Amino acid sequence: MSETIWMKIDSGETLSRDDMAALLSLTDEADRRVLYEKAYAVKIRETGPGVYFRGIIELGNICEKDCYYCGIRGSNGEVKRYLMEADEIVKTALWVHENRYGSLVLQAGELSGPAFITMIEQVLGRIREKTGGGLRVTLSLGEQTEETYRRWREAGAHRYLLRIETTNPDLYRRLHPEDHDFEARKACLGLLRRTGYQVGTGVMIGLPGQTAEDLADDILFYQKEDIDMIGMGPYLPHEATPMAEHFPDYVYDPDRQLRLGLNMIAVTRLVLKDVNIAATTALQALHPKGREMGVQAGANVVMPNATDTSYRESYQLYDNKPCLDENSGLCRGCLTRRIESVGEEVAFDEWGDSPHWVKRVSDELSL
Ligand code: SAM
Ligand code: SF4
């Protein structure tokens, strides 16, 4: 790796798209170690020591969409479909609160019917009431109307995660059926900002046909859209999806996926500095210590699964999802030990709002 890029990083000079692509492409172990150390130092400086837990509830796998890469896509007839009852979601959310996670993520397949929208609204209201507003709540429920985003925000959701998946519109088109629209998804990020959420997005890393320049553009997109939190992870194949038919030349290389996933966390941290970045479960599917490695490369959030194990088999976005039979209590203990094993600490009882969002809101207030 050229000395100039390391010097640019050390002096805080802006990295060009080419610099980012070069860093994202690093394969040499010694170079990658330097990259991760530099990114980790920025993580400590900008978000402080500590890693935030977000307990995630995968509340349903029924989906109106049909993304080619996803194991729970609507037309996968092999999946046993479920939607948790409101009482069960609230009960699980209270477990997350009692276990001092500070934050909760409600994720599901995309549904737009009025009964679902009202159910989520009521669940949010009940969680707020029963925890005295003690939990920060992130939603990850796909593309919705402005009215729905507003209703959910008013009912108690604070953050929303909607991955753009890839910012290369041609690649986006090749990954989705014709009625899935890149521009519509991008517009949703604007709606979320307007309705007062902390806005999160992300991409899949190592997609077929995706270049290092595409990934650099993804980071520039995060920057341009002024994103507060990033949830991104390696693309992992699922055998019951049509990806192999659509991309017959794609060779899946788990080592490359892991390496790219970590490089992407590190370069995103170096460029965006003060956002929250999650070390996602997909990293752990590639390596038993994948999430810890993500933290060491600059991530500051992990998302322990709080979903009852009886549902986990049915929420497999990709093959070989880890922790399928590990209940939430075990998951908490295991992940806490893992985080401590890399010299970090779990920031229990803290909301862990994105410092980027905190600054933006204080700037807006002082205007
Ligand atoms: N349905 C909502 C949506 O798409 O925004 C939320 C749930 S969806 C399962 C959450 C994320 O899973 C997607 O944004 C996508 O990036 C990721 N995902 C789906 N299939 C994947 C795969 N095969 N490998 C890695 N990530 C995948
Ligand atoms: Fe549905 Fe989300 Fe999977 Fe697409 S990624 S098929 S919207 S659950």
Side-chain angles (χ1 to χ4, degrees), residues 54 56-79 81-83 105-112 116 120 138-144 148-149 152 157 159-167 171-172 175-177 179-182 184-189 191-192 197 199-208 210 215 218 227 229-244 246-247 250 252 254 257-258 260-261 264 278-286 290 303 305 307 311-312 314-322:
R54 321 288 192 214
I56 180 163
I57 307 178
E58 296 159 340
L59 63 92
N61 67 355
I62 307 170
C63 188
E64 291 166 359
K65 289 248 175 111
D66 218 10
C67 310
Y68 294 150
Y69 42 83
C70 177
I72 60 169
R73 61 199 295 269
S75 62
N76 182 3
E78 293 168 27
V79 179
R81 301 288 167 172
Y82 72 91
L83 179 61
V105 181
L106 300 180
Q107 191 181 77
E110 191 173 303
L111 287 175
S112 58
F116 178 75
I120 296 294
T138 305
L139 298 179
S140 174
L141 301 172
E143 291 168 46
Q144 303 287 343
T148 299
Y149 287 147
W152 288 346
R159 310 172 178 144
Y160 205 104
L161 179 63
L162 184 76
R163 288 187 181 180
I164 194 71
E165 315 296 6
T166 170
T167 59
L171 183 56
Y172 189 92
L175 292 166
H176 299 94
D179 60 350
H180 293 33
D181 183 8
F182 174 78
R185 197 160 179 92
K186 189 173 153 195
C188 282
L189 293 174
L191 296 182
L192 288 164
Y197 287 87
V199 181
T201 193
V203 296
M204 280 175 291
I205 303 157
L207 286 162
Q210 188 183 46
L215 291 172
D218 294 337
I227 293 299
M229 25 184 235
I230 311 291
M232 58 187 175
Y235 159 68
L236 301 173
H238 187 294
E239 63 166 10
T241 65
M243 284 294 274
H246 288 263
F247 299 91
Y250 179 68
Y252 172 64
Q257 297 304 86
L258 178 65
L260 268 182
M264 186 69 175
T280 51
T281 314
L283 286 172
Q284 206 195 333
L286 290 165
M303 293 153 76
N305 201 334
T307 320
Y311 296 113
R312 301 229 189 141
S314 306
Y315 200 89
Q316 292 201 62
L317 313 178
Y318 42 78
D319 294 327
N320 306 319
K321 180 178 174 181

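These figures come from a predicted structure and were not determined experimentally. In listed order, ligands and their atoms are each counted from 1.
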Task: Protein N/O/S count near atom 3 (Fe) of ligand 2 (criterion: distance under 2.8 Å) - done: 1
- [ ] For ligand 1, note which part of K65 has a heavy atom under 4.0 Å away: side chain, backbone, both or neither.
- [x] neither
TODO: Answer side chain, backbone, both or neither: which part of H238 comes under 4.0 Å from ligand 1, heavy atoms only.
DONE: neither
TODO: Report the member of M243, R73, E165 with the shortest heavy-atom distance to atom 14 (O) of ligand 1.
DONE: E165
Task: From the candidates G71, C70, A108, the one that places a heavy atom nearest atom 1 (N) of ligand 1 - done: A108
Please report whether ligand 1 has a polar contact with [X], defined as an N or O pair separated by less than 3.5 Å (distance criterion only).
| X | answer |
| --- | --- |
| L236 | yes |
| S140 | no |
| Y69 | yes |
| R185 | yes |
| Q107 | no |

TODO: Indicate yes or no for a side-chain donor-acceptor contact from E110 to the backbone of E143 under 3.5 Å, with no hydrogens or angles considered.
DONE: yes
Task: Whether over 12 other heavy atoms sit under 6.0 Å from N320 CG - done: no
Open item on the list: At less than 4.0 angstrom from any non-hydrogen atom of P234, what atoms of ligand 1 do you find?
Closed with: 25 (C)
Open item on the list: Give the atom numbers and elements of ligand 1 that come within less than 4.0 Å of a heavy atom of Y315.
Closed with: 7 (C), 9 (C)
Open item on the list: Taking the six-membered ring for Trp, are Y235 and Y69 closer than 6.0 Å centroid to centroid?
Closed with: no
TODO: For side chain to side chain contact (heavy atoms under 4.5 Å, CB included), just list the numbers for L111 and E64, CA-CA rounded to whole Å, side-chain angles, deciding distance to a tenth of an Å, and then say yes or no.
DONE: CA-CA 6 Å; L111 287 175; E64 291 166 359; 3.9 Å; yes
Open item on the list: Within the protein, is there a heavy atom lying under 4.0 Å from atom 5 (O) of ligand 1?
Closed with: yes
Open item on the list: Strictly less than 4.0 Å: does any protein heavy-atom distance to atom 8 (S) of ligand 2 fall in that range?
Closed with: yes
For [atom], what is the nearest protein heavy atom, given as residue, atom name and distance?
| atom | value |
| --- | --- |
| atom 12 (O) of ligand 1 | L317 CD1, 3.5 Å |
| atom 17 (C) of ligand 1 | R163 NH1, 3.7 Å |
| atom 27 (C) of ligand 1 | M204 SD, 3.7 Å |

- [ ] Give, for atom CD1 of I72 and atom CD of E58, the distance between the pair rounded to the nearest 0.5 Å.
- [x] 8.5 Å
Task: L317 side, atom CG; C67 side, atom SG - distance, nearest 0.5 Å - done: 10.5 Å
TODO: Classify the angle between the aromatic ring planes of Y149 and Y160 as parallel (below 30°), tilted (30 to 60°) or perpendicular (above 60°).
DONE: perpendicular
Task: side-chain hydrogen bond (donor to acceptor under 3.5 Å, both in side chains) evaluation trace for Q210 with T166 - done: CA-CA 9 Å; Q210 188 183 46; T166 170; 4.5 Å; no
